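For reference, the structure is listed below as structure tokens.
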Number of protein chains: 2
Amino acid sequence: MKQEIPYKIYLSENELPKAWINLRAFMKNKPAPLLNPETKAPMTKDELSQVFCEELVKQELDDTTEYIDIPTEIRDFYKMYRPAPLIRAYCLEKKLGTPAKIYYKFEGNNTSGSHKLNSAIAQAYYAKEQGLKGVTTETGAGQWGTALSMACSYFGLDCKVYMVKCSYEQKPFRREVMRTYGASVTPSPSTTTAVGRKILEEFPGTNGSLGCAISEAVEAATGLEGYRYVLGSVLNQVLLHQSVIGLETKTALDKYGEKADIVIGCAGGGSNLGGLIAPFMAEKLQGKSDCKFIAVEPASCPTLTRGKYAYDYCDTGMVCPLQKMYTLGSGFIPAASHAGGLRYHGMTSTLSQLYDEGLMEARSVTQTSVFEAAEYFARIEGILPAPESSHAIKVAIDEALKCKETGEEKTIVFGLTGTGYFDMMSYEKFHDGKMTDYIPTDAEIEKALAKLPKF
Amino acid sequence: MKQEIPYKIYLSENELPKAWINLRAFMKNKPAPLLNPETKAPMTKDELSQVFCEELVKQELDDTTEYIDIPTEIRDFYKMYRPAPLIRAYCLEKKLGTPAKIYYKFEGNNTSGSHKLNSAIAQAYYAKEQGLKGVTTETGAGQWGTALSMACSYFGLDCKVYMVKCSYEQKPFRREVMRTYGASVTPSPSTTTAVGRKILEEFPGTNGSLGCAISEAVEAATGLEGYRYVLGSVLNQVLLHQSVIGLETKTALDKYGEKADIVIGCAGGGSNLGGLIAPFMAEKLQGKSDCKFIAVEPASCPTLTRGKYAYDYCDTGMVCPLQKMYTLGSGFIPAASHAGGLRYHGMTSTLSQLYDEGLMEARSVTQTSVFEAAEYFARIEGILPAPESSHAIKVAIDEALKCKETGEEKTIVFGLTGTGYFDMMSYEKFHDGKMTDYIPTDAEIEKALAKLPKF
């Protein structure tokens, strides 16, 4: 007999995953390797270790080990905010009048406000294990920087965050959260690095960009004894750590005899979506399920739906390795959007490969429709979602309404990656009717794609 | 054999309390009744019903029923964010090197960011049951207004919030959260009420005050067909609803065979502390425990530690009923403080009576010492606490350090009422060394107390 399903399924701490699942190990066609931008040869372990922590490089390159143990120290930290609840959206189902069952995995119940902490604590742990003094990183919207600050504070590591200047100025509260956790936050471009000084000389009034902040963070890490650079998305290692999201979700569903028919997540660099779908996709790849997967991206930055599958630079500054991925071109500058976490020109290689094989779908949505869904959801389910997360809400509602038409009792699962407390300026624009949608023209996309590196 | 205690004790939804505990029913010496400010006679049910919802008036006046059932509709809403976790502060204990066991009940995992939602949803429910169209209220720091907006949105009630003008302008994000939940938010004083217009005429440039906002909200409620006024603290009904905090805490401790030796909470109007201690104090009043209770208040607004136990007005405007309570005088204007939720001249009558009988202790702490404790706690336990909640953290740490000296293995429980995401401006002042402490002089307090109403 099936148990009655509660509003929130909380696993016990004993049920917290003991190992991450490495989705690449289940893929017949592996994601293509990272290439050295100069030699175009696959990046070696030694090359990568100059920038990244050794253990993380190992994880980055490992596409055969199915499960990788989560060290006890990381699990202990996870216990402070995990297992995260899997919430049955009873109120939303009722309001929509849908026969579908809707579940969402809520990753917002920690101070970083998002899932980013899952990888931040892992990366900080391995840095500490390696005997490093500290790490550097960049942050745009600020969630990753906050998560990393918390993780470094826990392990007593120094944390240097390069924050895109316009964010630094527009989001002073994000900056203060990082300072509370002892991080030093530098507006980028800055005079603390050669690349920063060069950019400031060329463009004196610039507001900075993620590409520039990455360059500064990498330079700072490689120039300092005992420092490495860490990144919050796109990389394989990040997807590996984020698989804790999917593993908990699947355990919770299994516990109540539920089977996901559709899994939905927002996709910027792909860290959340890659983590959420990992165990479900692994089953599908083994022929044990016919679950459907939907990546949701902003219409203003339609990487999967309108991009090209090709080798490209991961950063705007073109100093990082080349990655084979769906991309709009590293020169594509997404329109200013209220979901800063999804403004990335590329997509992590694992998801790109799965999408290319037709194992995953993608959909793009406009931001005003996203904020409509966000406000609707907040009023019904209580939680105030981040704009990024609300992309998944929008499509989950769409799918539930389709079920209403067809009468199908599908089980829909989506990832609610975080809260919108630091995004109220965007909500204000929405309330005041001042939010606009921007969809790039074909010509704009073609122009950026024309600059892809040649082979 | 004792079970191993997890980091977070989550009760199941079935363990959610089915009834609130009415602490007054256990008290030999009842809190004194509210008095009509004109006749000085106890307020009758009819008089109170002109301003408040009928069922809430019943609860307000009931000091004999020990347990009052929580309606199913309220429990269903509670299930969206409750039971709240009782967290064992393993990391903090280790860092302090104390033999004490420290637990905290965390009420910040909901969008209002605090415990206020526990009473907001109850008050909105009874308003809906009575067939009302809407409710009015005032808000200072904004947590109560946010909670009430969420509750009204859930039940489809109109919600009019009068927000102290300086908060309205300084905390635009709080305002936007309320708008997201469909509330109308008016900066007070406003031209929408007679009292507001009068004040604006007298003091054209005024930034408003809580007293003024209360007056406007009461006028708005009584002037509109189908509206009533609701309040987020001080009242008996609020303490009743907030007892869900204490009940869950006690159930969680009982489950693991733990017994609280000290229970600590911050105290402004007393809603959180009154709710947290309710079942523990009820046991003490029945001679079943010798638990110690500590109310923590700001040194800038030392109601219990330096005030007087007397009948006084609940509001600065002196239009509300008289309440016997510890008070600094309704004319006492607390210094601008970063814990806006604790800037209240009085204390709920139940806690005042218990304190007067020596059943509860009180301590006042300076705000810089509170922010030091807050930052220390955030770095160790992850959660970024609200300034209000951090008053309890400060004293919990003090008590744990005493145990370190004496070697006593006491069990310390404190209430972590909320998160500080909307208080980063205060954290910034603290980080920049710009935060000051203000302790009122004896002369200032005597002056305000000299104006207590005479009998």
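The sequence lines fix the lettering, A, B, ..., with proteins before strands; numbering per chain opens at 1. In this text, all values refer to a predicted model and were calculated from it rather than measured experimentally.
- The local environment of NZ in B/Lys79 is crowded, with over 12 non-hydrogen atoms from other residues, nucleotides or ligands closer than 6.0 Å.
- Contact count versus chain A (heavy atoms, under 4.5 Å) is highest, among B/Asn14, B/Thr111, B/Leu117, B/Ile380, for B/Thr111.
- Ranked by heavy-atom pairs shorter than 4.5 Å toward chain B, the options A/Phe106, A/Tyr90, A/Tyr181, A/Tyr81 are led by A/Tyr181.
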For this session: Decide side-chain contact (heavy atoms from CB on, under 4.5 Å) for B/Met150 and A/Leu384; before the verdict, give the C-alpha distance in whole Å, the side-chain angles of both, and the deciding distance to 0.1 Å.
Result: CA-CA 10 Å; B/Met150 293 175 67; A/Leu384 183 77; over 6 Å; no
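- Note on ring orientation: taking the six-membered ring where Trp is involved, the planes of B/Tyr10 and A/Tyr10 are parallel (angle under 30°, cut-offs 30° and 60°).
- By number of non-hydrogen pairs under 4.5 angstrom with chain B, the leading residue of A/Arg175, A/Arg174, A/Glu13 is A/Glu13.
- Residue A/Ala378 comes nearest to B/Thr180 through the heavy atom pair CB-CG2, 4.3 Å, listed as atom of the first residue, atom of the second, then distance.
- Heavy-atom pairs under 4.5 Å with chain A were tallied for B/Glu375, B/Glu381, B/Arg179; the largest tally goes to B/Arg179.
- Comparing A/Ser12, A/Ser149, A/Ser153 by how many heavy-atom pairs each has under 4.5 Å with chain B, the most go to A/Ser153.
- Proximity to chain B (any heavy atom under 4.5 Å) is shown, for A/Thr419, by neither the backbone nor the side chain.
- Below 30°, between 30° and 60°, or above 60°: for A/Tyr421 and B/Phe422 the angle between ring planes is above 60°, a perpendicular geometry.
- Using a 4.5 Å cut-off between heavy atoms, A/Asp76 touches chain B through backbone and side chain atoms alike.
- A donor-acceptor pair under 3.5 Å links the side-chain atoms of B/Lys8 to the main chain of A/Arg82, judged by distance alone.
- Between B/Lys429 atom NZ and A/Glu176 atom CD the span is 12.0 Å, to the nearest 0.5 Å.
- Both the backbone and the side chain of A/Asn109 come within contact range of chain B, judged by heavy atoms closer than 4.5 Å.
- To the nearest 0.5 Å, atom OH of residue B/Tyr7 and atom OH of residue A/Tyr78 are 14.0 Å apart.
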